[in-house]
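Because the structure is a prediction, the values reported are computed rather than measured.
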Amino acid sequence: MKNTKLVKLIALMIAIIMTAAVFAGCADTTTDESSKEESKVSEESKTEESADDETSEDESTGYTGEKVADLGIPPILKDDPDDMYWMYNTDPITLTVYVNGLITDDWQWGDDVTTQYITERTGITLDMEWAPDAEGTRLNLMLAGGETLPDIFQAIPPTSTVAGELVTGEYVLCAEDLINEYAPEMWDVYTPYQKQYAATTDDGKMWPFLVGYDFDGENHYGYMHGYIGGRGDILEALGTKNTEIKTIDDFRQVLDDFNAVWKTDYPDIVYPVLMRGVCSQFSAVFGEIGCGSDLRYDPETGECYFWFQSEEGYNTLKFYNELYRNGYLPEEAFITTDSSIDLMGAGKVLFFIASNTWESSSANAPVKENVGEDAYFAPIYPFTADGKEILNTFKGISYNGSGAWVTADCKAPDRATGFMEYSATEEGILTLNCGIYGEHWDVKTDDDGYLYPAFIAEEYTSNPGSAGQAAMKEAYGINNHEHSLWFGHTTAYNFLWNYDTIFMSGTTNPNILAGRSLWYSATTDNENLAGVTATFSVAASSDAGVALAALSDIYSSELAKMIFLNSDEEFDAAYNAMLDALKAAGEDNFWSLYEPMFADYLAKYQEALASK
């Protein structure tokens, strides 16, 4: 049962003990920074570092105890502090964890060498309970039943409805307070955007912990699939490639070129264009930011609107209608289920449009099997109608991670905080994704001079690619999607796995590699606030959420209908009728609820942006 007074008393006692330890005196221990410049330290230097680090106290931090040995991993994306709380607190302890995610086997922490190794490094063993269903039934009963809570809740997003209940019901301790008390150097691990993403409560504080890398447009490893996937082998046969489609006219021209040889050379292609829903991201080609939300913010007028209510959105819908009227987007090609992967894998699709074209990547294996080894899908990177090669894409609080919460009943909040700290370091991230440094992976340099983690275990080197990847998972328990839910599995940090297994294994088509470099651009930012609305959503159960759901039912249906009309007059009539229907359904009321909340969030975002 919750006992916040007891927790606060324990925390106070720990703080007093730690303060006394500080005044007892410390000796300085530093890390060999030069080792971080090399791609791998020798076994001899590792041994020397281990001996040097066997100290009992440290002046710079005030932490006491024996510091764990520095592994000497060269920093790949970030340089973590040399002295962190977790390094000095590694006595064996078991923490109980409830993971609010459904898995299909009985896996437990310690079943594989990767998690066993993390326990050796941190002293932490996790005793895990998994959700029995996807509806949150167990969590609801746990909160309502007054039972003693586990030490940690995992896989509960900061923006979820239950997250607010955890805070207001005093079921959890505040991560921000725990960091300040036990591990203040952890703020050097987080970016301002990560902290801001997790600070969703009225008090502006960060309650859950986040793990994983925070990517933005200035990061070499940042990449995207694009909003369009295309058959790269057919594009090459037509005399072009994915990175050369830079404008909407280029896209039109490729379709026309394909049409000239369609029936003779490619009779198996049934759908020149396949589309998953009405893709709002495609409005980016007309100058509007490409993001997942239907809501937009105009920084010039200070007003919010639906993406299709702008000139750019209108042009997007007109372009879809153009594809239909030219015979490139048949009505039956408007796909809303995962059958899109089956159709692409069968070799029936030239272009695929969606909010995120991961499906086209997933179709690569079957299309090679069904069509031929030379067949593949390539991402068509965001292009603009005015010929710019790269779209100004938002970055910032675009974090995909889940949240980990230390509960009010946690028996050791200090150790839970230390474990979260380790989990957010580069060592922690890479260990789960790649296994044990020096045994399963090493740090190498790519052709552009950037460091990346490369697998060196025989299971992978003997068979690079998907087969080797599967063998690594089987042998070492690395990066299993279901099992890593405890770690707040994110698309962001998982990219480093993909970087080695996909990009650096030599199986990737050169033009896809070129496209990744095209996406990497220092110009991709969000200082003009163009994409900020993608980072803010309303709770479904709130008044604004209920109002939005009613409006969404209207425009989702009407947008799909107007694409398949046969004249400009019919299109405009349907478009205007939809706008009228939204007004009649209470659109003004929704904005009156939404805009004040958005204004508060925008102020927090601007503050985080200024502090970056």
Side-chain angles (χ1 to χ4, degrees), residues 224-238 240-242 245 248 250-263 265-285 290 292 308 315-372 374-383 509 511-512 515 556-557 559-566:
M224 66 190 305
H225 290 293
Y227 304 132
I228 308 174
R231 276 280 296 277
D233 54 315
I234 296 179
L235 295 179
E236 290 181 22
L238 295 174
T240 188
K241 52 188 178 182
N242 61 327
I245 301 177
I248 200 162
D250 293 339
F251 188 69
R252 288 184 175 114
Q253 186 62 56
V254 169
L255 280 171
D256 290 342
D257 291 344
F258 171 77
N259 191 45
V261 296
W262 179 5
K263 301 303 180 182
D265 295 356
Y266 305 101
D268 292 334
I269 296 291
V270 180
Y271 309 105
V273 176
L274 187 73
M275 190 162 71
R276 176 190 283 277
V278 180
C279 179
S280 63
Q281 278 84 340
F282 201 74
S283 61
V285 304
F308 49 79
N315 287 336
T316 300
L317 295 172
K318 285 286 289 184
F319 180 71
Y320 292 151
N321 181 242
E322 172 192 329
L323 293 177
Y324 164 70
R325 288 160 64 179
N326 287 342
Y328 298 137
L329 178 65
E331 193 164 349
E332 64 271 20
F334 194 77
I335 302 296
T336 57
T337 69
D338 285 339
S339 61
S340 56
I341 299 177
D342 297 332
L343 293 172
M344 285 185 284
K348 296 181 178 181
V349 178
L350 175 61
F351 287 116
F352 175 66
I353 298 178
S355 58
N356 189 316
T357 57
W358 61 267
E359 291 98 329
S360 60
S361 299
S362 301
N364 269 331
V367 80
K368 287 180 179 295
E369 179 179 349
N370 295 324
V371 178
D374 293 334
Y376 68 97
F377 279 92
I380 313 300
Y381 288 80
F383 53 82
N509 298 85
N511 62 332
I512 297 181
S556 296
S557 173
L559 289 174
K561 293 176 183 177
M562 70 179 61
I563 292 173
F564 304 108
L565 296 174
N566 294 311

What distance do Ile563 atom CD1 and Lys318 atom NZ have between them, rounded to the nearest 0.5 Å? 12.5 Å
What's the spacing between Ser339 OG and Met344 CE if we round to 0.5 Å? 9.0 Å
[X] versus [Y], closest heavy-atom pair with distance:
X: Phe377; Y: Val349; value: CZ-O, 3.8 Å
X: Ser340; Y: Phe352; value: CB-CE1, 3.7 Å
X: Gly327; Y: Pro272; value: O-CG, 4.4 Å

Side-chain touch [X]/[Y], heavy atoms, less than 4.5 angstrom:
X: Tyr266; Y: Arg231; answer: no
X: Ile353; Y: Leu329; answer: no
X: Leu350; Y: Ile234; answer: yes
X: Pro379; Y: Ile228; answer: no
X: Lys348; Y: Leu274; answer: no
X: Thr316; Y: Phe308; answer: no
X: Val278; Y: Leu317; answer: yes
X: Arg252; Y: Phe319; answer: yes

Checking [X] side chain against [Y] main chain: does a donor-acceptor pair fall under 3.5 Å?
X: Asp268; Y: Gly347; answer: no
X: Asn364; Y: Tyr376; answer: no
X: Asn259; Y: Leu255; answer: no
X: Asn321; Y: Leu565; answer: yes

With Asp257 via side chain to side chain donor-acceptor pair (under 3.5 Å) - residues at least two apart: Gln253
Classify the side-chain pair Asn315/Tyr320 by whether it contains a donor and acceptor separated by less than 3.5 Å. no
Would you call the rings of Phe251 and Phe351 parallel, tilted or perpendicular if under 30° counts as parallel and over 60° as perpendicular? tilted
Validation row, ring centre Phe258 to ring centre Trp262 under 6.0 Å: yes
